[in-house]
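Some notes on the structure that comes next.
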Number of protein chains: 2
Amino acid sequence: MLSTAITLLGETGAEGFTMRRLAARLGINPMTLYHHFGDRAQLIAAMADRIHAGVAPPAAGSPLERAEGLLRRYHATILRHPALTLLVLTSPGLFPAQARRITDSLTGLLIAAGLAPQRAGLWLDILVDFTHGAALATAMAAQSGAPEDAGAGRYDQAIAALMASLRAEIG
Amino acid sequence: MLSTAITLLGETGAEGFTMRRLAARLGINPMTLYHHFGDRAQLIAAMADRIHAGVAPPAAGSPLERAEGLLRRYHATILRHPALTLLVLTSPGLFPAQARRITDSLTGLLIAAGLAPQRAGLWLDILVDFTHGAALATAMAAQSGAPEDAGAGRYDQAIAALMASLRAEIG
DNA sequence: ACCTGAACACCGTTCAAGT
DNA sequence: ACCTGAACACCGTTCAAGT
């Protein structure tokens, strides 16, 4: 059921993804969905949790290397599901559990790397907001039929620049 | 008409802003709007152009200082209209004329500062994507009733870090 | 417990018709 | 030129009823 929803969302894009269309694809009554997921926002959160579930920092490396690796993996994952990312980022108040786990994990790694908790919070926002902004730009470009390359390489260079600043701050 | 639309959007948020609601507020038939703006996407573009029209780089300073000033002014402007920013960023293929003017101006300043055109393109993406990601995060937080401070101060610190990297690259 | 039909209160947009 | 009424093809969601 969740996998069908994720597949359909990939086909239709964020715009075309509706409860009624998903029900039709599943061959069930639209209202049955409400019995399983509560409402549309909770369905989106459940899809996001499924997609984010495997994202974890690399096992080896310094805290900063693991933080960077986690961020890159998170970015690669949401780039693979641009329409879902669009829905998650623009659903008011929606913070799916797995996304929270990822940002909590990132905060922990930044603190372990030697940042004061307050600075870790600032850097978390910088890194995550940029990652979301880049993913959003790629998602919108893809939705209007642009070539889908470019995005990933630019993200790599940008993250490298940001991590250099971070390293400089830690000293 | 445009100002009424902008006011209404501020009141209702992105979700509640509909053609029919705007027509009701204006006391006209919903279909009259289509005579003036074409469709919903073009209406949103027209609102964005109105809001972005005044955003320009400071007159004095080095190219890099003017680039940073332009970016801060752009960020301050879109933060004042979070719901509109949400609609612009998530309307597929929508790139309002004034927004394009601002990013073109920014690219010109980065080149004037000594960046090769290719690097200027990379840095434009970094700076603009981060600005949009930060604005999006603030918009969503505001929409779920969070305190509206914080956002601006963090953006200032983040932009300072990014500009430092840029300066280092130019040498 | 799980599913459904009918209904409510909406949408954006088209099109033919009015002044 | 500018505006409108009626209609089309949709939405998300509630609620009472069915198995």
Side-chain angles (χ1 to χ4, degrees), chain A residues 1-50 82-96 139-140 143-145, chain B residues 1-50 81 83-96 139-140 143-145:
Chain A
M1 211 148 167
L2 266 185
S3 1
T4 306
I6 290 166
T7 305
L8 179 64
L9 176 55
E11 290 171 18
T12 62
E15 320 252 79
F17 181 76
T18 67
M19 301 298 273
R20 296 173 112 112
R21 203 113 79 171
L22 173 58
R25 169 68 60 98
L26 288 164
I28 61 175
N29 188 289
M31 304 318 134
T32 303
L33 290 170
Y34 288 85
H35 187 262
H36 286 277
F37 296 107
D39 63 10
R40 190 168 188 266
Q42 291 177 67
L43 167 61
I44 292 169
M47 288 190 279
D49 279 341
R50 167 73 68 93
L84 178 59
T85 302
L86 196 60
L87 289 181
V88 170
L89 292 184
T90 60
S91 297
L94 199 70
F95 202 164
M140 296 316 295
Q143 203 158 42
S144 31
Chain B
M1 212 150 166
L2 266 186
S3 1
T4 306
I6 291 166
T7 305
L8 179 64
L9 176 55
E11 289 171 18
T12 62
E15 320 252 78
F17 180 77
T18 67
M19 301 299 272
R20 296 174 113 111
R21 202 114 79 171
L22 173 58
R25 169 68 61 98
L26 288 164
I28 61 175
N29 188 290
M31 304 319 134
T32 303
L33 289 171
Y34 288 84
H35 189 262
H36 286 276
F37 296 106
D39 64 7
R40 189 168 188 265
Q42 291 177 67
L43 167 61
I44 291 168
M47 287 191 281
D49 280 340
R50 167 72 69 90
H81 300 274
L84 178 58
T85 302
L86 197 60
L87 289 181
V88 171
L89 292 183
T90 60
S91 296
L94 199 71
F95 202 165
M140 296 315 296
Q143 204 160 39
S144 31

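Below, read A as the first sequence line, B as the second, and so on, with proteins coming before strands; counting in each chain starts at 1. Nothing here was measured: the structure is a model prediction, and the numbers come from that model.
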Distance, rounded to the nearest Å, where [X] contributes [atom1] and [N] contributes [atom2]:
X: B:Y34; N: D:dC3; atom1: OH; atom2: P; answer: 16 Å
X: B:E15; N: D:dC11; atom1: CD; atom2: C1'; answer: 14 Å
X: A:L26; N: C:dC2; atom1: CG; atom2: C1'; answer: 15 Å
X: A:M19; N: C:dC10; atom1: CE; atom2: P; answer: 20 Å
X: A:L33; N: D:dG12; atom1: CG; atom2: C1'; answer: 11 Å
X: A:Q42; N: D:dG12; atom1: CD; atom2: P; answer: 15 Å
X: A:H36; N: D:dT13; atom1: NE2; atom2: C1'; answer: 17 Å
X: A:R40; N: C:dC11; atom1: CZ; atom2: P; answer: 16 Å

Review point. Looking at the side chain of B:R21, which of D:dC11, C:dC11, C:dT4 is the nearest nucleotide?
Key: C:dC11

Check your understanding: For the side chain of A:H35, counting heavy atoms from C-beta on, which of C:dC3, D:dT13, D:dC2 is nearest?
Key -> C:dC3

Nearest heavy atoms of [X] and [Y], plus distance in Å:
X: B:A83; Y: B:A14; value: CB-N, 3.7 Å
X: A:L26; Y: A:L33; value: CD1-CD2, 4.1 Å
X: B:F17; Y: B:A5; value: CE1-O, 3.6 Å

Shorter than 3.5 Å, N or O on both sides, protein versus nucleotides 16-19 of chain D: list them out with atom names.
none

Point to revise | Inter- and intrachain pairs under side chain to side chain donor-acceptor pair (under 3.5 Å), touching residues 11-33 of chain A, at least two apart | key: A:E11-A:R25

Point to revise | Any pair counted as side chain to side chain donor-acceptor pair (under 3.5 Å), so long as it reaches residues 1-10 of chain A, sequence neighbours left out | key: none

Practice item. Dot-bracket notation for DNA chain C is requested: 5' to 3', Watson-Crick or G-U wobble pairs only, both distances under 3.5 Å, with ( ), [ ], | and . as defined. Key: ||.|||||...|||||.||

Polar-atom pairs under 3.5 Å, protein N or O versus N or O of nucleotides 5-9 of chain D: list them with distances, or write none.
residue: D:dG5; atom: OP2; partner: B:N29; partner atom: ND2; Å: 3.0

Revision key, fill the gap. Taken in chain and number order and not counting sequence neighbours, the residues that satisfy side chain to side chain donor-acceptor pair (under 3.5 Å) with B:D39 are B:Q42

Exercise for review: Would you mind classifying the nucleic acid contact of A:T18 as base, sugar-phosphate or nothing, using non-hydrogen atoms under 4.0 angstrom?
Suggested key: sugar-phosphate

